[in-house]
Amino acid sequence: QEDLVESGGGLVQVGGSLRLSCVGSGSFFIFKGWYRQAPGKQRELVAEISLGGDTYYTDDVKGRFSISLDDAKRTVYLQMDSLKPEDTAVYYCAKDRHYWGQGTQVTVSS
């Protein structure tokens, strides 16, 4: 069992920023990532980071989003800048593509 607790979502205007946080109960992992699901769409991978620090970003967010870990590697962050209305979705934290958080809503208003 892995508990993942997300925070940091909310309502922001176009061009604004938000930082999502996800705290996990364990420190060992292979991948930690952020996914999102917009209404009527499938859940998609947004960004992922490995224990070794390798990162992946979907093309839509490259240059705008940044994924990182704290020193204890229990918390994964997603810094989101230059937000667009199409970034509106429920954002989910995942560990090893198997354990999931409850999701946090991000709404970007125009």
Side-chain angles (χ1 to χ4, degrees):
Q1 182 70 29
E2 174 74 26
D3 294 324
L4 299 171
V5 180
E6 299 121 331
S7 61
L11 174 65
V12 65
Q13 291 187 333
V14 169
S17 298
L18 285 173
R19 189 174 83 153
L20 305 183
S21 300
C22 174
V23 181
S25 57
S27 60
F28 179 78
F29 64 95
I30 300 174
F31 297 102
K32 284 191 176 180
W34 287 95
Y35 291 70
R36 66 185 178 189
Q37 187 166 19
K41 294 187 177 182
Q42 290 188 328
R43 190 175 298 188
E44 63 171 349
L45 176 62
V46 176
E48 193 170 59
I49 187 166
S50 72
L51 184 62
D54 295 327
T55 58
Y56 163 84
Y57 297 94
T58 190
D59 287 345
D60 288 350
V61 307
K62 284 180 180 177
R64 300 190 297 121
F65 291 11
S66 177
I67 190 169
S68 62
L69 296 165
D70 71 343
D71 289 344
K73 302 191 187 300
R74 289 182 182 269
T75 303
V76 58
Y77 303 100
L78 185 67
Q79 177 67 41
M80 305 186 294
D81 299 320
S82 302
L83 283 161
K84 305 175 181 179
E86 50 265 43
D87 294 319
T88 295
V90 178
Y91 284 71
Y92 297 90
C93 170
K95 176 182 172 180
D96 293 335
R97 306 166 182 167
H98 179 71
Y99 300 99
W100 297 89
Q102 80 285 356
T104 186
Q105 177 70 46
V106 171
T107 303
V108 184
S109 67
S110 55

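Along the sequence shown, the residues carry numbers beginning at 1.
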| said: Side-chain heavy atoms nearer than 4.5 Å, only ILVMFWY residues, links allowed to pass through others: does that put V46 and F31 together? | reply: no
| note | Minimal heavy-atom distance between S21 and T75, with the atoms involved, is CB-CG2, 4.4 Å
| T88 backbone acceptor or donor facing T107 side chain under 3.5 Å | no
| task | Starting from the C-alpha separation in whole Å, work towards a yes-or-no answer on side chain to side chain contact (heavy atoms under 4.5 Å, CB included) for K73 and K32. | result | CA-CA 10 Å; K73 302 191 187 300; K32 284 191 176 180; 5.8 Å; no
| Does some side-chain heavy atom of S66 sit less than 4.5 Å from a side-chain heavy atom of Y57? | yes
| task | Please report the shortest heavy-atom distance between V90 and Q105, naming the atom on each side. | result | CG2-OE1, 3.3 Å
| Lys/Arg-Asp/Glu bridge criterion (N-O < 4.0 Å) met for K84, D87 | no
| field | Close side-chain approach of L78 to R36, heavy-atom, < 4.5 Å | value | no
| said: Are I67 and Y77 connected into the same hydrophobic cluster when the rule is that any two of I, L, V, M, F, W, Y join if their side-chain heavy atoms are below 4.5 Å apart? | reply: no
| Nearest heavy atoms of G9 and V106, plus distance in Å | CA-CG2, 4.2 Å
| Out of curiosity, does L45 fall in the hydrophobic cluster containing F29 (side-chain heavy atoms, cut-off under 4.5 Å, transitive links)? | no
| field | Point-to-point distance, once rounded to the nearest 0.5 Å, from CG of L83 to OG of S109 | value | 10.5 Å
| field | Side-chain heavy-atom pair S17, V12 within 4.5 angstrom cut-off | value | no
| Mind checking whether L69 and Y35 sit in one hydrophobic cluster, side chains of I, L, V, M, F, W, Y counted as touching below 4.5 Å? | no
| field | Residue pair C93, W100: steps toward the side chain to side chain contact (heavy atoms under 4.5 Å, CB included) verdict | value | CA-CA 6 Å; C93 170; W100 297 89; over 6 Å; no
| message | Just checking E86: does its CD atom have more than 12 heavy atoms from other residues, nucleotides or ligands closer to it than 6.0 angstrom? | response | yes
| field | 4.5 Å side-chain heavy-atom contact, M80 and R64 | value | no
| field | Co-membership, hydrophobic cluster, residues Y92 and I49, 4.5 Å side-chain | value | no
| If you measure from OG1 on T55 to CZ on F65, what distance do you get to the nearest 0.5 Å? | 14.5 Å
| query | Has the side chain of E6 got a donor or acceptor atom that lies under 3.5 Å from a matching backbone atom of C22? | reply | no
| note | Nearest heavy-atom approach of D59 to K62 is OD1-NZ, 3.0 Å
